[in-house]
*Asks:* 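Got a structure for you, questions after.
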Amino acid sequence: MHVRCAALAATLVLALSACTGHENGPPSPAAADRAAAAADAAAAFVAFAQGEESQVRWAGVVRYYVHGALVAEFVPSFADDPDTWDGCHAGDTTYEGRDCPVSPLSTIGQDEAPGAGPVVEEAAPQTVGCTADLPRADVDATPLAWIRPDPDLRDCFSDYAVTLYLDDDERVSAVDLVLSGP
């Protein structure tokens, strides 16, 4: 598992670095550092979702959103507890055809097809599934990584996007889960 996470992190650094520089030259050192931080954060979050002990660098306050709307906020010690990530909007019993609560950890963790796992994209997807838009959560941080299912396994119901927002200290300050619907 650690080898797979290390390979994922290395791939992410290369992919994100390629998209954060200037078109006519290499990325700036700051952009390359930010891309590396995003890759590290995404790899740590995926490993945490797949059952490993959390190595995620959390901000002082972590916010959990579902489809751009705040569901909870908590301190880093609670963010390290997988049960903390179970949630839905107040009063909701379902979200996009799934029973509440929903969790970015269980969504990523169950994405375990043989030979394929979640991928990290450096740009926000236009849609999730066939119809779900990808709202921008009202977060004072930069969205830098989108964790998605393998492209070959996406369909109208099983697609998702877990957006990681990093603060100025390159710590995860918010997570937004968007699921596709039936």
Side-chain angles (χ1 to χ4, degrees), residues 1 4-5 8-9 12 38-113 116-121 124-125 127-139 141 143-151 153-167 171-182:
M1 184 71 75
R4 188 167 114 184
C5 290
L8 175 64
L12 294 174
D40 290 346
F45 195 85
V46 167
F48 178 45
Q50 293 174 334
E52 292 186 23
E53 185 175 326
S54 176
Q55 299 298 316
V56 179
R57 292 185 58 235
W58 303 113
V61 174
V62 182
R63 291 175 176 84
Y64 171 35
Y65 295 82
V66 173
H67 207 100
L70 184 64
V71 170
E73 61 181 43
F74 30 85
V75 296
S77 60
F78 287 116
D80 283 336
D81 179 358
D83 292 335
T84 300
W85 294 95
D86 291 336
C88 270
H89 302 129
D92 286 355
T93 58
T94 62
Y95 169 63
E96 294 295 348
R98 290 135 179 116
D99 289 334
C100 286
V102 293
S103 165
L105 300 181
S106 62
T107 299
I108 293 168
Q110 66 192 11
D111 187 17
E112 292 280 336
V119 296
V120 177
E121 298 175 353
T127 61
V128 177
C130 296
T131 58
D133 64 327
L134 189 70
R136 172 102 160 67
D138 186 19
V139 177
L144 287 176
W146 290 264
I147 302 167
R148 312 271 320 276
D150 182 285
L153 302 176
R154 295 177 193 166
D155 60 35
C156 290
F157 186 71
S158 64
D159 197 6
Y160 65 84
V162 175
T163 306
L164 300 184
Y165 292 82
L166 274 61
D167 67 8
R171 300 173 302 174
V172 176
S173 62
V175 176
D176 189 7
L177 171 65
V178 175
L179 299 173
S180 61

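For clarity, every value in this text was computed on a predicted model and none was experimentally measured.
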*Asks:* Do any N or O atoms from the side chain of Arg148 and from the backbone of Tyr160 form a donor-acceptor pair under 3.5 angstrom?
*Replies:* yes
*Asks:* Write down the atom of Val120, the atom of Ala42, and the distance for their closest heavy-atom approach.
*Replies:* CG2-CB, 3.6 Å
*Asks:* Can you tell me how far apart CG (Leu179) and CZ (Phe157) are? Round to the nearest 0.5 Å.
*Replies:* 8.0 Å
*Asks:* For Asp92, look at atom CG and say whether over 12 heavy atoms of other residues, nucleotides or ligands are found less than 6.0 Å away.
*Replies:* yes
*Asks:* For residues Ser103 and Asp86, report the shortest heavy-atom separation together with the two atoms involved.
*Replies:* CB-OD1, 3.3 Å
*Asks:* Could you work out, with ring pair (Phe, Tyr, Trp, His ring centres under 6.0 Å) as the rule, every residue matching Tyr64, not counting sequence neighbours?
*Replies:* Trp85
*Asks:* Let me see the working for Val75 and Val61 under side chain to side chain contact (heavy atoms under 4.5 Å, CB included), right down to the final yes or no.
*Replies:* CA-CA 5 Å; Val75 296; Val61 174; 5.6 Å; no
*Asks:* Go through Val62 and Glu73 one step at a time and tell me if the side chain to side chain contact (heavy atoms under 4.5 Å, CB included) criterion holds.
*Replies:* CA-CA 5 Å; Val62 182; Glu73 61 181 43; over 6 Å; no
*Asks:* Whether the side chain of Arg57 engages the backbone of Ala41 through a donor-acceptor N/O pair (distance < 3.5 Å, no angle test) should be reported.
*Replies:* no
*Asks:* Quick one: pull up OG1 in Thr107 and CZ in Arg98 and give me the separation to the nearest 0.5 Å.
*Replies:* 7.0 Å
*Asks:* Taking all heavy atoms of Asp167 and all of Ser173, pick out the closest pair and write down the distance.
*Replies:* N-OG, 3.9 Å
*Asks:* On a heavy-atom basis, which atom in Cys156 and which in Ser180 lie closest, and how many Å separate them?
*Replies:* O-OG, 3.0 Å
*Asks:* Could you measure the distance from the SG atom of Cys130 to the CG atom of Asp155? Nearest 0.5 Å is fine.
*Replies:* 7.5 Å
*Asks:* Evaluate the side-chain proximity of Leu177 to His67: yes if any heavy-atom separation is below 4.5 Å, no if none is.
*Replies:* no
*Asks:* Can you tell me how far apart CG (Asp159) and CD (Glu96) are? Round to the nearest 0.5 Å.
*Replies:* 11.0 Å
*Asks:* For residues Ala161 and Pro125, report the shortest heavy-atom separation together with the two atoms involved.
*Replies:* CB-CG, 4.4 Å
*Asks:* For residues Phe48 and Val56, report the shortest heavy-atom separation together with the two atoms involved.
*Replies:* CB-CG2, 4.3 Å
*Asks:* Do Asp80 and Ser54 pair up side chain to side chain, a donor and an acceptor below 3.5 Å, judged on atom types alone?
*Replies:* yes
*Asks:* Could you give the distance from CG (Leu70) to CG (Asp176), rounded to the nearest 0.5 Å?
*Replies:* 10.0 Å
*Asks:* Once you round to the nearest 0.5 Å, how far does CG of Asp81 lie from CZ of Phe74?
*Replies:* 9.5 Å
*Asks:* Mark yes or no for whether Ser158, through its side chain, and Leu153, through its backbone, hold a donor-acceptor pair below 3.5 Å.
*Replies:* yes
*Asks:* Kindly write out the residues that satisfy side chain to side chain donor-acceptor pair (under 3.5 Å) with Trp146, not counting sequence neighbours, or none if the list is empty.
*Replies:* Thr163
